[in-house]
Trainee: 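Before anything else, here's the structure in question.
Numbers here simply count residues along the sequence, with the first being 1. Because the structure is predicted, anything quoted here is derived from the model rather than measured.
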Amino acid sequence: MADNVVSRPEKFQLHFPDLDELCNVLQTGLKKNFADAQVSVVECPDLTKEPFQFPVKGLCGKPRITDVGGVPYLVPLVQRHKEYNMNTVSKEVELPGAFILGAGAVSSRVVGMNAEMMPVVLTEAEGRPAVNSSYFSSINPADGQCLQERYSDKFSDCNFGLLANLYACEGKPGKVIEVQVKRRTGEESLVAAMRKTLEAHYPDKSLALGGTFIIQKGKAKIHIMPREFSACPLNTNDDVNNWLKHFEVSAPLICQSVLVSRDPGLDLRVEHTHCFSHHGEGGHYYIDTTPDTVEYLGYFMPAEFVYRIDRPKETHVIGRD
């Protein structure tokens, strides 16, 4: 892909239920984790408008997800040569010119350090250059706090590194699933609650959702990877968590998420969510930290296919929170 020779992507057809059916399933499940949960089929709002400011209007048109690389390329020790390109990914998921969003890591070769990436990319098509609206977050060496930057302010490529979980579509308007929840009463994050609801309702099937949600009120726990990769092997989850820097960040936060109800045997990361904001905070989302006041509003689509790109031959389950 970017200077890498990788094997052909593995493709798997996912269960793709009717949107109304999914709404009923999700609403029933989310009411076990939130005091107020409303899930419905709506026209996708115009995502070019605030707060999203995406380069496309919607989440519709040939929806699919991909899991690129993986945590085994980051820990126990980094494999820096693992570098990818969004334009190439769009072709590998059989959707050249796709709109892509999700969660990943920057190319340390390009950026000159390690950082969290919030990919928002309209990939190149014939006669049209790519539009890279991504953000990236690093640890500010001046004060040790979160430093979020717009990717295109510093770089002109569409590369990323090591790992990413991505939702791809044609970026068209259309019907989507709207999720509105308030006041968390359970232990699960919004993403985990949705994923586990689907896993419980469809125990013998694999479904995936991709999309974006806003934390409208409250605060959230995030992490940001250090600028320097670990020189010592990170062999346990405790090692990884001690290496990561954790922060509490404030709404409004725009999150982008990919979740899979059940891994069909492709060594998938079953959920991965990153967030950005227009006030300079962003990173890898875990959960809200203000359950009594939190409010979420999200838009999601089920994916028809999952593509596994450059699956690690040596794998483990460390560091997938």
Trainee: Examine the side chains of H279 and Q148 and answer whether a donor and an acceptor come within less than 3.5 Å of each other.
Mentor: no
Trainee: When you look at I254 and H278, which way does the side-chain contact (heavy atoms from CB on, under 4.5 Å) test go after all the steps?
Mentor: CA-CA 9 Å; I254 301 99; H278 299 302; 3.9 Å; yes
Trainee: Report the C-alpha separation of M117 and S134 in whole Å, then their side-chain angles, then the decisive distance to 0.1 Å, and conclude whether the side-chain contact (heavy atoms from CB on, under 4.5 Å) test is met.
Mentor: CA-CA 7 Å; M117 189 170 206; S134 303; 4.1 Å; yes
Trainee: Under 4.5 Å between side-chain heavy atoms, hopping through other hydrophobics if needed: is there a path connecting L209 to I65?
Mentor: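 Linked within one cluster.
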Trainee: If you look at every heavy atom in P119 and G104, which pair is closest and at what distance?
Mentor: CD-N, 4.1 Å
Trainee: Counting C-beta onward and ignoring hydrogens, is there a side-chain heavy-atom pair between V240 and L244 closer than 4.5 Å?
Mentor: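 When only atoms from C-beta onward are counted, L244 and V240 do touch, with a gap below 4.5 Å.
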Trainee: Same cluster for I214 and M301 if Ile/Leu/Val/Met/Phe/Trp/Tyr side chains link at under 4.5 Å?
Mentor: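 In one cluster with I214: M301, yes.
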Trainee: With a 4.5 Å heavy-atom cut-off, do F305 and T66 have their side chains touching?
Mentor: no
Trainee: Is F34 close to L190 at the side-chain level, that is, under 4.5 Å between some pair of heavy atoms?
Mentor: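 Touching, per the 4.5 Å side-chain cut-off.
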Trainee: Take L259 and L198 through the test side-chain contact (heavy atoms from CB on, under 4.5 Å) and record every step on the way to the result.
Mentor: CA-CA 10 Å; L259 64 96; L198 295 176; 4.1 Å; yes
Trainee: Start with the C-alpha distance between R320 and D267, add both sets of side-chain angles, then the distance that settles salt bridge (Lys or Arg N to Asp or Glu O under 4.0 Å), and finish with yes or no.
Mentor: CA-CA 11 Å; R320 299 202 188 193; D267 191 25; 3.0 Å; yes
Trainee: If only atom types and distance count, is the side chain of N140 paired as donor or acceptor with the main-chain N or O of Q145 below 3.5 Å?
Mentor: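 Side chain of N140 to backbone of Q145, a donor-acceptor pair under 3.5 Å: no, none is there.
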Trainee: Quick check for you: to the nearest 0.5 Å, what is the distance between Q180 atom CD and Y299 atom OH?
Mentor: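 Going from the CD atom of Q180 to the OH atom of Y299 covers 6.5 Å.
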Trainee: Are K219 and L253 side-chain neighbours, meaning at least one heavy-atom pair lies under 4.5 Å?
Mentor: no
Trainee: Taking atom NZ as the centre, does K11 end up with more than 12 heavy-atom neighbours from other residues, nucleotides or ligands that are less than 6.0 angstrom away?
Mentor: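 Check passes, neighbour count above 12.
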Trainee: Would you give the length of the straight line joining atom CD1 of I215 to atom CD of E295, rounded to the nearest 0.5 angstrom?
Mentor: 12.0 Å
Trainee: May I ask whether F16 and V306 are part of the same hydrophobic cluster, defined by side-chain heavy atoms of I, L, V, M, F, W, Y residues being less than 4.5 angstrom apart, directly or through others?
Mentor: no
Trainee: Do E170 and K62 sit within salt-bridge range, that is, some charged N less than 4.0 Å from a carboxylate O?
Mentor: yes
Trainee: Does the ring center of Y73 lie less than 6.0 Å from the ring center of Y84?
Mentor: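 Ring centroids of Y73 and Y84 are no less than 6.0 Å from each other.
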Trainee: What's the separation between atom CD in E281 and atom CD in E248, rounded to the nearest 0.5 Å?
Mentor: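 So the gap between those two atoms works out to 9.5 Å.
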Trainee: Scan side-chain atoms only and decide if Y167 and Q256 contain a donor-acceptor pair under the 3.5 Å cut-off.
Mentor: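 Absent: no donor and acceptor within the cut-off.
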Trainee: With side chains defined as the heavy atoms from C-beta onward, is the minimum distance between L122 and R128 less than 4.5 Å?
Mentor: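 Sidechains of R128 and L122: in contact.
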Trainee: Main chain of E271, side chain of R195: is a donor-acceptor contact present, judged purely on distance under 3.5 Å?
Mentor: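 Flag not set: sc R195 to bb E271 has no pair under 3.5 Å.
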Trainee: Please say whether more than 12 non-hydrogen atoms of neighbouring residues, nucleotides or ligands are located less than 6.0 Å from CD in E228.
Mentor: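 Atom CD in E228 is not crowded, with 12 or fewer foreign heavy atoms closer than 6.0 Å.
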Trainee: So, for S230 and L77, which heavy atoms are closest and what is the spacing to 0.1 Å?
Mentor: O-CD2, 3.8 Å
Trainee: Which heavy-atom pair separates S206 from P264 by the least distance, and what is that distance?
Mentor: OG-CB, 3.6 Å
Trainee: Using modelled atom types and a 3.5 Å cut-off, is there a donor and acceptor pairing between side-chain atoms of R64 and backbone atoms of E304?
Mentor: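 Judged by distance alone, no pair lies under 3.5 Å.
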Trainee: Mind checking the CG-CZ spacing from N159 to R109? Nearest 0.5 Å is all I need.
Mentor: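 With rounding to 0.5 Å, CG (N159) is 6.0 Å from CZ (R109).
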Trainee: Using atom types as modelled and distance alone, determine if a side-chain donor or acceptor of T290 lies under 3.5 Å from a backbone N or O of T293.
Mentor: no
Trainee: At their closest point, which heavy atom of R227 faces which heavy atom of S138, and how far apart are they?
Mentor: NH2-OG, 3.2 Å
Trainee: Quick one: does F99's side chain get under 4.5 Å of K172's, heavy atoms only?
Mentor: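 In short, these two side chains do not touch, never coming nearer than 4.5 Å.
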Trainee: Give the cluster check for F155 versus V131: same hydrophobic cluster or not, with ILVMFWY residues linked at side-chain heavy-atom distances below 4.5 Å.
Mentor: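 F155 does not cluster with V131.
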Trainee: Side chains of T236 and D238: any donor to acceptor distance under 3.5 Å?
Mentor: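 T236 and D238 do not have a side-chain donor-acceptor pair below 3.5 Å.
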Trainee: Rounded to the nearest 0.5 Å, what separation is found between the CD atom of E83 and the OG atom of S108?
Mentor: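 Atom-to-atom, E83:CD and S108:OG are 7.5 Å apart.
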Trainee: With side-chain contact (heavy atoms from CB on, under 4.5 Å) as the test, would you mind laying out the steps for F213 and V179 before giving the verdict?
Mentor: CA-CA 8 Å; F213 63 90; V179 175; over 6 Å; no
Trainee: Would you name the heavy atoms of A168 and V93 that are closest together and state the gap between them?
Mentor: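 Nearest pair, atom of A168 first, then V93: CB-CG2, 4.3 Å.
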Trainee: Report the distance from atom CG of L147 to atom CZ of F136, rounding to the nearest 0.5 Å.
Mentor: 7.5 Å
Trainee: Grouping I, L, V, M, F, W and Y whenever their side-chain heavy atoms are under 4.5 Å apart, do V260 and L22 come out in a common cluster?
Mentor: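 Yes; L22 is reachable from V260 via cluster members.
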Trainee: Take atom CD in E21; do more than 12 heavy atoms of anything else shown fall under 6.0 Å from it?
Mentor: yes
Trainee: Are the aromatic ring centres of Y286 and H284 under 6.0 angstrom apart?
Mentor: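 Yes, ring centres under 6.0 Å apart.
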Trainee: Identify the heavy atoms of S137 and I224 that sit nearest to each other, and give their distance.
Mentor: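 The pair with the smallest heavy-atom distance is O-CG2, 3.6 Å.
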Trainee: Which is it for Y151 and F276 under the ring-ring contact (aromatic ring centres under 6.0 Å, His included) test, yes or no, and what are the steps along the way?
Mentor: CA-CA 12 Å; Y151 195 83; F276 67 90; over 10 Å; no
Trainee: Out of V68, D310, I309, which one pairs with E92 under the side-chain contact (heavy atoms from CB on, under 4.5 Å) rule?
Mentor: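 With E92 as partner, V68, D310, I309 yield a single side-chain contact (heavy atoms from CB on, under 4.5 Å), made by I309.
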